[in-house]
Amino acid sequence: MSHRKTALTIAFSAAVLLSHPTDADAIFGFGNKDKVVLSADDLASQEVAGQKVIANIRAQEGSLSSRKQRGMYKSVVKNYPRTESAGEAQFKIGELRENDGDLKKAFAEYQTFLTDHPKNPRFGEAVKRQYGIATALMESPKKGFLGIGAAIQPSKLIEMFEQISSNAPFSEYAPLSMFNIGIVNRTQNDFDAAIDAFDAVVEEYPDSHLHSKAMLQKFEMLGSVAENSNNPQNVRAQREAGQDALNQLSGEQAAEIRAEMGKLEDKQNEKDFNIGRFYEKQGNLKSAVVYYRDVTSRPSTSEYYPLAKERLDQLLAADPSLAVAPPRRAAPAPDPTPSTAAPQSATTPTASTPAPAAPSAPSVKDRADYLGPPVPAVPNSKPAMRTSADDVVPIP
């Protein structure tokens, strides 16, 4: 037989074996081992063999090194992967790593156990151990210089807590892990990510004991964002978060939020008063009046309320035109159709009775943070091609 015919014969035989997997495929490496169906007798036999290895390891625990024990347990996992013995062996590998202080590898070994043996009775214990490892790494005093030599990098720590939350989303460790994600992000000054994590605890775990703490953390984080920004929307977001917390909390927690809300108002009053003083010294009295009015529109318990009111009264007394509001738009004419016209009450203005003037309000254009109308859109057009000599104009 020629070499060509021999090669074709071998290739054909391999194709037949691959298309018709048998129990021998697992031995020769053909096909997918996971598709091989073990009989009940074979599985029972493997279970007995795996338990014998585990019993042998336990009998020699005092004389075997941790490394030797891990190797023997790995043989059980490799040789009898579908047995309960494999799950027990995989858990022991993680436990040995944890006892040796190799927490990162222990976490990974427990993750392998959770992934490959989700129905094992020790599933909950493995999740608990993972949370303990991640918490120990988070609280480790070993920080290193610029993160170098630290017990763990923050990104890896966040990944661990996310994995725990994903492994057992309905366990007590899910909100705990999500809360810790917020804490880690807060220490890294990633306020947006921290707010998202605390918000997830509030929204997804309303029955958790961390619900109120997460609301407080979210409120404080929004305050940090507002303090480092001149965007009034950030201040508004913190106020809304604080009001939501007051609607849901009570007792000491509500009192803490209320006190923080008071501090927030004090900071805003101080900021607005100082801006008003700045504009007054610059001679921009209209803008100064706007900010003084903002301070006096808030509760009079602030120490800046009487100061702003005094400055506002003096400016208006010196120049009453500063109190004049910009002209209002004319109100639309009433519908003359009798069938659709609403009945007029004693307080409804008629055509002969003018509507009462609204309280004077400062113009938006007078505010210091007014940046003017939006930039006009510039059409994005391509230059036209010159098609004749008449299109070319000589340079004068």
Mind listing the side-chain donor-acceptor pairs of residues 162-179 below 3.5 Å, one per line with the distance, residues two or more places apart or on another chain?
{"from": "Q163", "atom 1": "NE2", "to": "N167", "atom 2": "OD1", "distance (Å)": "3.1"}
{"from": "N167", "atom 1": "OD1", "to": "Q111", "atom 2": "NE2", "distance (Å)": "3.3"}
{"from": "N167", "atom 1": "ND2", "to": "Q111", "atom 2": "OE1", "distance (Å)": "2.8"}
{"from": "N167", "atom 1": "ND2", "to": "Q130", "atom 2": "OE1", "distance (Å)": "3.0"}
{"from": "N167", "atom 1": "ND2", "to": "Q163", "atom 2": "O", "distance (Å)": "3.2"}
{"from": "S171", "atom 1": "OG", "to": "A168", "atom 2": "O", "distance (Å)": "2.9"}
{"from": "S171", "atom 1": "OG", "to": "Y173", "atom 2": "N", "distance (Å)": "3.3"}
{"from": "S177", "atom 1": "OG", "to": "Y173", "atom 2": "O", "distance (Å)": "2.7"}

(message) Are I158 and F191 connected into the same hydrophobic cluster when the rule is that any two of I, L, V, M, F, W, Y join if their side-chain heavy atoms are below 4.5 Å apart?
(response)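 Yes: a chain of side-chain contacts under 4.5 Å links F191 to I158.
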Taking the basic N atoms (NZ, or NE/NH1/NH2) and the acidic carboxylate oxygens, is any pair closer than 4.0 Å for [X] and [Y]?
X	Y	result
E125	K128	no
R186	E220	yes
D100	R70	yes
E159	K156	yes

(request) For the pair N284 and K286, evaluate side-chain contact (heavy atoms from CB on, under 4.5 Å) and give the outcome as yes or no after the intermediate values. (result) CA-CA 6 Å; N284 190 346; K286 288 185 178 181; 4.2 Å; yes
(message) Run the side chain to side chain contact (heavy atoms under 4.5 Å, CB included) test against K309 and tell me which residues pass, sequence neighbours left out.
(response) T296, Y305, D313
(request) Check whether the ring centres of F273 and Y291 lie less than 6.0 Å apart, and answer yes or no. (result)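 No, they do not, as the ring centres are separated by 6.0 Å or more.
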(request) Return yes if some donor-acceptor pair links the side-chain N/O of S208 with the main-chain N/O of Y205 below 3.5 Å, else return no. (result) no
(message) Assess the residue pair N180 and Y131 against the criterion (side chain to side chain donor-acceptor pair (under 3.5 Å)); give the C-alpha distance rounded to whole Å, side-chain angles, the decisive distance to 0.1 Å, and a yes or no.
(response) CA-CA 10 Å; N180 285 340; Y131 179 78; 3.3 Å; yes
(message) Under 6.0 Å from the ring centre and within 45 degrees of the ring axis: does the NZ or CZ of R129 meet both conditions for the six-membered ring of Y110?
(response) no
(request) Any chance you could lay out the side chain to side chain donor-acceptor pair (under 3.5 Å) test for E95 and N99, step after step, and finish with the verdict? (result) CA-CA 6 Å; E95 192 175 42; N99 294 338; 5.3 Å; no
(message) Looking at every heavy atom in both A86 and P81, which two are closest together, and how far apart are they?
(response) CB-O, 3.7 Å
(request) Compute whether any side-chain donor of one residue and acceptor of the other, for S39 and D42, lie under 3.5 angstrom apart. (result) yes
(request) Working to the nearest 0.5 Å, report the span between OH of Y73 and CD of E109. (result)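 Rounded to the nearest 0.5 Å, the OH-CD separation comes out at 13.5 Å.
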(request) Using the side chain to side chain donor-acceptor pair (under 3.5 Å) rule, take Q46 and R82 through it: C-alpha gap first, then chi angles, then the decisive distance, then the call. (result) CA-CA 9 Å; Q46 289 191 8; R82 299 176 189 169; over 6 Å; no
(request) With sequence neighbours excluded, give me every side chain to side chain donor-acceptor pair (under 3.5 Å) pair touching residues 191-202. (result) D199-K218
